[in-house]
Amino acid sequence: MAFLGYAPGETEKKWLAVWQKQGLYRAKDETDKPKSYLLIEFPYPSGERLHVGHARSYCCLDAVARKRRMQGYNVLFPIGWDAFGLPAENYAIKTGIHPAVTTATNIGNARVQAMAWGLSFDWEREVNTTDPGYYKWTQWIFVQLFRKGLAYKAEIAVNWCPKDKINLANEEVIDGKCERCGTETERRTQSQWLLAITKYADRLLDDLKTVNFREDIALSQINWIGRKAGAKLVFTNDAIDLRLDVFTTRIDTVFGVTFVAVAPEAASNWIEKVPKAKKAGVEAYVAEALNKSERERKQKTEKTGVDTGLTVKNPANGQEVPVWVADYVMMDVGTGAVMGVPAHDGRDFQFAKRQGLPIVEVVAGGKSGEVYEGEGRLVNSGKYTGMESGEAREKMVADGLGEKSQTYHLRDWVFSRQHYWGEPIPMVFCEKCAKDGISLIKEGEVNGEFKGMAGWFPVSESDLPVKLPQVEKYQPTGTGESPLAAMTEWVNTKCPVCGGPARRETDTMPNWAGSSWYYLRYIDPHNDRVLADPAKLRYWLPVDWYNGGMEHTTLHLLYSRFWHKFLFDLGVVPTSEPYAKRTSHGVILGPDGRKMSKSRGNVINPDEVVTKFGADTLRLYEMFIGPFDQTVAWNWEGVEGVHRFLKRVWGLAIGCQLSAMSSPEAKRRMAKLKVKVEEDLEAMKFNTAVAAMMETLNWWGEHETEVGKDMVTMWVVIMAPIAPFMAEEMFFRLTGGKMGSVHEQKWPEVNPADLGGGKVTVAISVNGKVRGKLELETGRAKEQGLVVSQALELENVKKYIGEKQYRVVFVPGRLVNLVVV
RNA sequence: GCCGAGGUGGCGAAAUGGUAUACGCAAGGGCCUUAAGAGCCCUCGAGCGCAAGUUCAUGCGGGUUCGAGUCCCGCCCUCGGCACCA
């Protein structure tokens, strides 16, 4: 048998060039075929190039894309580059090379990689988030958000790295430390742009019912949004005009309130009301609390606090309770103030014990001296005494003790970054207009209070994009501002309203901005009038299948759904959800079973597989490596295994004389394989699709003469989505090039008759234990009488049945269970 | 603490409630070869048995069922995420 001749290197190069010339994978904006929009998360073009993790997602979805094309779909399978980001900026700081230069080089490299892997992307639709023609629309979306009052500036806590002298986004802080240098971060407050994603929280939550996200992905989103029902209560002290809003999920415990605790950040609102004797102490405590690092603050240590000497009235029973400032109360959770119910909340309990505050039990069920957080019958609760918790909650709200309300875990999206390499936020600030109270926002109620953003004006839409200027130095300024702030010429501009002097916003957008809408741009990537043509959007949306990493489930996925809904409200996009289906792939670990990292030296470069074994081997291995959604470790011996498989395929199909006719069994096997591969690709069971091909090949190897040219051709067509290069070469040789590309062939049809016939093994068991087997024609194996009578002839079955009475459980074509009674 | 995913041979794993261990890897034996490599063939969960067979085995303990890796109840362990969420 000849095994020479399988030379992936040359073959793959040859077909790559041919496919490119033919434009085989271009999606057409036409409507006569059903459309299928398949999306992978576009990569960040880093200096490390694309890794085996990218390959996993891309190769697997590529197989689906190829199969669907063969099935007659008009498939959109695009790629682009999420190219803003810190690595390029850091590299620029080190070397002085402009990030745009680095980015262009990296994109060039990654493009070569992706092409070499035989991915059937439509390269005419490539997008790049750092292209001004792209970020023009990212900025445009921001302007619309601003106009609708959904983008606002607020003083919020930021993570300050004292060593690098920059602000860090939350995702850059790992375990309370700077991601880059490991220094513990400090908290500072700074004015930052925020997007009011919380306004969309309910819709982001409720609309999950309308899409097909894998269950755990949907659940993560639900938990991340974290909507909880409860009530808002007001604790007041009329004498000094003090009002404290409190949110609780347990209004049924309100009779047990023995204090109210307020977050340090909120104390400044009424610090002047604090009695003289206490004031210095409160101020000192607040100052100390605010100075603590994020990590210190969040450590669940001793619950400290300070008594303000103020009191407020419990709306339930009119009792005066003391007001404390305590740093276990977080400013951004609920209302920044809690009603202290030590008997029924663990934290309040610890606090009360330490501070010597009274503990009043109002829900029965706990042990004395211990906190009881469960529900139960109310005690000590006025007219509500005797009710169950749930009932009491309803009654209390109905009686107006508190107002029905809810809280979310989701926070507004901090949208400012003090970096260079990001989209400039297209806003201008005019001090004069700010003083005059000139505001563009009419609907601007943000976080419960009116903020008209006076003096802040968006750059006129005709002046978009606000291009990122060339700077000399990428170094952070040390003041917490972005490097853009040092560019006086760029910063100083005219106020679009009064024409006077004004300043540009120098913050840039976070990485998540460009990736929040890129799937829309693929639909119409070169349009310079609108972000995408409405008719094309109507044709292609929603994305039919979006696959990406589990790590993007809460941030990216939620952000892009938010923007999409906003664009839907504007009438820009025709669907309320961007993605009809969302799946995730598992991480690939190094051969040592640990996370791949340069420092561990366990990084696998996919290009090495291509060089040594060819792209088809890489693709096949990425599919075969394990269940698609599971974490798996790389294994070079497994790579060799799939390569061996490909060589055997080549040997059987090309290295032998093929007969003209195939046996019925060969036809049956091939028909079954087609169905299996088709189903498995759609169900993301890529590993078993490959296994089925191997199994069929093993049979083929044992029955070489039974497989004729017709079935080999069918095999090749089935293999085309998975190993496109080899399939193309074999198809070319089988057909003499007369039928064009294998990738333009129709996906095989199978009629039910092709699947029938043949033999099956029926298991014969007695009392549930297998005691024998029968080889039967498929049809006969379905006849109970026949199978049972043959079963009773088996010696081993006779042994166990003997003369005893039995009952028959019959599963046609599979098994008989004889149950002795 | 909360949420999620998982636990099956020496390893990666497969299995609409119906023959557990498909497929691949590793290992052992053989063929081919001057040799190496590649390739080909055979064996391969554990125990007992010459064999036919048979017992045990899907993290642990119960249950439902003619029949459970799969369903139910109660635990243990590993990995991911979140976390003083009021």
Side-chain angles (χ1 to χ4, degrees), chain A residues 1-4 215-217 219-220 222-224 226-228 230 246-250 253 261 263 297-301 303 326-330 332-341 344-348 350-351 407-411 550-551 553-554 584 586-587 589 593 620-621 624-627 629-642 644-645 647-648 651 685 687-698 701-702 760-774 795-796 799 806-821:
Chain A
M1 218 182 284
F3 293 97
L4 292 169
E215 217 173 320
D216 57 331
I217 297 173
L219 207 55
S220 291
I222 290 168
N223 290 338
W224 190 261
R227 182 169 65 191
K228 272 192 207 158
V246 151
F247 175 85
T248 179
T249 54
R250 291 297 301 273
T253 64
R297 174 87 182 266
K298 292 214 160 150
Q299 268 165 2
K300 298 171 202 175
T301 46
K303 301 236 169 333
D327 72 356
Y328 81 91
V329 182
M330 299 290 152
D332 56 359
V333 177
T335 60
V338 298
M339 58 180 217
V341 187
H344 304 293
D345 179 283
R347 294 152 305 185
D348 297 345
Q350 282 178 29
F351 186 72
T407 180
Y408 300 88
H409 172 258
L410 185 70
R411 306 273 177 271
M550 201 62 200
E551 70 275 21
T553 302
T554 45
S584 284
V587 177
L589 304 172
L620 218 63
Y621 180 64
F624 191 60
I625 189 168
D629 54 6
Q630 223 166 276
T631 304
V632 289
W634 187 266
N635 176 8
W636 279 109
E637 280 152 350
V639 177
E640 286 177 39
V642 296
R644 213 168 298 161
F645 162 76
K647 283 195 288 187
R648 287 182 65 206
K685 292 157 82 175
N687 53 334
T688 51
V690 175
M693 297 208 72
M694 290 173 165
E695 210 176 333
T696 307
L697 183 81
N698 288 344
E702 287 160 23
V760 287
T761 311
V762 178
I764 313 300
S765 45
V766 180
N767 290 338
K769 282 194 188 284
V770 180
R771 299 299 179 188
K773 284 168 191 183
L774 288 173
E795 282 306 317
N796 206 36
K799 194 165 102 190
Y806 59 87
R807 181 162 80 76
V808 178
V809 178
F810 182 64
V811 183
R814 299 214 64 131
L815 67 81
V816 173
N817 189 11
L818 304 171
V819 185
V820 174
V821 277

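Here is the naming used below: chain letters follow the sequence lines, and residue numbers restart at 1 for every chain.
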Self-check item: Any A:Arg814 side-chain nitrogen or oxygen under 4.0 Å from OP1 or OP2 of B:G17
Solution: no
Exercise. Taking only the side-chain heavy atoms of A:Pro627 (C-beta and beyond), determine which of B:A14, B:G24, B:G4 contains the nearest atom.
Key: B:A14
Quiz item: Under a 3.5 Å cut-off for both distances, is B:C60 Watson-Crick or wobble paired, and to whom?
Solution: B:G74
Practice problem: Quick one: label A:Thr688 by what it contacts on the DNA or RNA (base, sugar-phosphate, nothing), any heavy atom closer than 4.0 Å. | Solution: sugar-phosphate
Practice problem: Measure from CE on A:Met693 to P on B:G24 and round the result to the nearest Å. | Solution: 13 Å
Practice problem: Tell me what A:Ile764 touches on the nucleic acid: a base, only sugar-phosphate, or nothing, going by heavy atoms under 4.0 Å. | Solution: nothing
Exercise. Scan nucleotides 79-86 of chain B nucleotide by nucleotide, 5' to 3', and note B when protein non-hydrogen atoms come under 4.0 Å of the base, S if they reach only the sugar-phosphate, - if neither.
Key: ---SBBBB
Exercise. Kindly point out which of B:G4, B:A22, B:C66 is positioned nearest to the side chain of A:Asn817?
Key: B:C66
Quiz item: Which nucleotide sits closest to the side chain of A:Val770: B:C25, B:C3, B:A20?
Solution: B:A20
Quiz item: Rounded to the nearest Å, what distance is computed from the CD atom of residue A:Glu795 to the C1' atom of nucleotide B:G53?
Solution: 13 Å
Exercise. Among the candidates B:A20, B:G4, B:C23, find the nucleotide nearest to the side-chain atoms of A:Leu219.
Key: B:G4
Quiz item: Across the strands shown, which category fits A:Asp629 at heavy-atom distances under 4.0 angstrom: base, sugar-phosphate, nothing?
Solution: nothing
Practice problem: When you get a sec, tell me which of B:A26, B:C66, B:U16 is the closest nucleotide to the side chain of A:Arg644? | Solution: B:A26
Quiz item: Atom NZ of A:Lys773 and atom P of B:G53: how far apart are they, to the nearest Å?
Solution: 10 Å
Self-check item: Nearest-nucleotide pick for A:Val811, side chain only, options being B:A13, B:G18, B:C25
Solution: B:G18
Quiz item: OP1 or OP2 of B:G24 sitting under 4.0 Å from any side-chain N/O of A:Asn698?
Solution: yes
Exercise. Find out whether A:Arg411 and A:Val333 are in side-chain contact, i.e. whether some heavy atom of one side chain is under 4.5 Å from a heavy atom of the other.
Key: yes
Quiz item: Using atom C1' of each nucleotide, how far apart are B:C41 and B:C48 to the nearest Å?
Solution: 30 Å
Practice problem: Identify the two heavy atoms, one from A:Val820 and one from A:Asn767, that lie closest to each other, and give their separation to 0.1 Å. | Solution: N-OD1, 2.9 Å
Just the atom pairs and distances: protein N or O near nucleotides 56-59 of chain B's N or O, under 3.5 Å.
unit_1: B:C56; atom_1: OP2; unit_2: A:Lys769; atom_2: NZ; d: 3.4

Quiz prompt | Sequence-distant partners of A:Trp224, ring pair (Phe, Tyr, Trp, His ring centres under 6.0 Å), two or more places apart | solution = A:His409
Practice problem: Could you work out the separation of B:U21 and B:U70 based on their C1' atoms and round it to a whole Å? | Solution: 15 Å
Quiz item: Since syn is defined as within 90° of 0, does B:G49 count as syn or as anti?
Solution: anti
Quiz item: Rounding to the closest angstrom, what is the interatomic distance between B:G9 and B:U58 at atom C1'?
Solution: 10 Å
Self-check item: Whole-Å distance separating the CG atom of A:Asn635 from the C1' atom of B:G10
Solution: 13 Å
Practice problem: Quick one: closest heavy-atom pair of A:Arg250 and A:Met339, and the distance? | Solution: O-CE, 3.6 Å
Quiz item: Does a nitrogen or oxygen in the side chain of A:Asn687 sit under 4.0 Å from OP1 or OP2 of B:G12?
Solution: no
Quiz prompt | Whole-angstrom distance between B:G10 and B:C2, as gauged at atom P | solution = 35 Å
Quiz prompt | Complementary nucleotide of B:A14, counting Watson-Crick and G-U pairs under 3.5 Å | solution = none
Quiz item: Under the 3.5 angstrom rule, does the side chain of A:Arg347 hit a backbone N or O of A:Tyr328 as a donor-acceptor pair?
Solution: no
Exercise. Tell me the partner of B:C79, counting only Watson-Crick (N1-N3 plus N6-O4 or O6-N4) or G-U wobble (N1-O2 and O6-N3) with both under 3.5 Å; none if nothing fits.
Key: B:G4
Quiz item: Taking a pair as Watson-Crick or G-U wobble with both distances under 3.5 Å, which nucleotide is matched to B:U54?
Solution: B:G47
Quiz item: Quick one: A:Glu637 CD to B:G10 C1', roughly how many Å, whole number?
Solution: 13 Å
Quiz prompt | Options B:G53, B:G24, B:U19, nucleotide nearest the side-chain atoms of A:Lys799 | solution = B:G53
Quiz item: Taking atom C1' in both B:G63 and B:G45, what distance in whole Å separates the two?
Solution: 28 Å
Exercise. Please tell me which of A:Lys685 and A:Gly641 maps to the more 5' nucleotide of RNA chain B, matching each residue to the nucleotide holding its nearest heavy atom.
Key: A:Lys685
Quiz prompt | Span that lies between the C1' atom of B:C44 and that of B:C23, in whole angstrom | solution = 15 Å
Quiz item: Given the side-chain rings of A:Tyr621 and A:Trp634, with only the six-membered ring counted for Trp, is the space between their centroids under 6.0 Å?
Solution: yes
Exercise. Find the distance between CD1 (A:Ile217) and CE (A:Met550) and round it off to the nearest 0.5 Å.
Key: 5.0 Å
Quiz item: How close or far is atom P of B:A13 from atom CE of A:Met694, stated in whole angstroms?
Solution: 15 Å
Exercise. For A:Ser220 and A:Thr554, work out which heavy atoms get closest and say how close.
Key: O-CG2, 4.0 Å
Exercise. Take atom C1' in B:U65 and the same atom in B:C84, then report the distance between them in whole Å.
Key: 48 Å
Practice problem: Please tell me which of A:Asn767 and A:Val762 maps to the more 5' nucleotide of RNA chain B, matching each residue to the nucleotide holding its nearest heavy atom. | Solution: A:Val762
Quiz item: How long is the line joining CG of A:Leu697 and P of B:A22, in whole Å?
Solution: 17 Å
Quiz item: Out of B:C23, B:A13, B:A15, which nucleotide sits closest to the side chain of A:Gln630?
Solution: B:A13
Exercise. Please check if atom OH in A:Tyr806 has more than 12 non-hydrogen atoms from other residues, nucleotides or ligands closer than 6.0 Å.
Key: no
Exercise. Look at the side chain of A:Leu815 and decide which nucleotide, out of B:C66, B:G18, B:G4, has an atom nearest to it.
Key: B:G18
Exercise. Would you name the heavy atoms of A:Phe247 and A:Lys228 that are closest together and state the gap between them?
Key: CZ-O, 3.9 Å
Self-check item: Donor-acceptor contact present, side-chain A:Ser765 to main-chain A:Val816, <3.5 Å
Solution: yes
Practice problem: For A:Ala261 and A:Ala326, work out which heavy atoms get closest and say how close. | Solution: CB-CB, 4.3 Å
Practice problem: Report the distance from atom CG of A:Leu818 to atom P of B:U19, rounded to the nearest whole Å. | Solution: 16 Å
Quiz prompt | Pairwise P distance, B:C11 and B:G18 [rounded to whole Å] | solution = 26 Å
Practice problem: Kindly give the heavy-atom pair with the smallest separation between A:Val329 and A:Gly336, and that separation in Å. | Solution: CG1-O, 3.5 Å
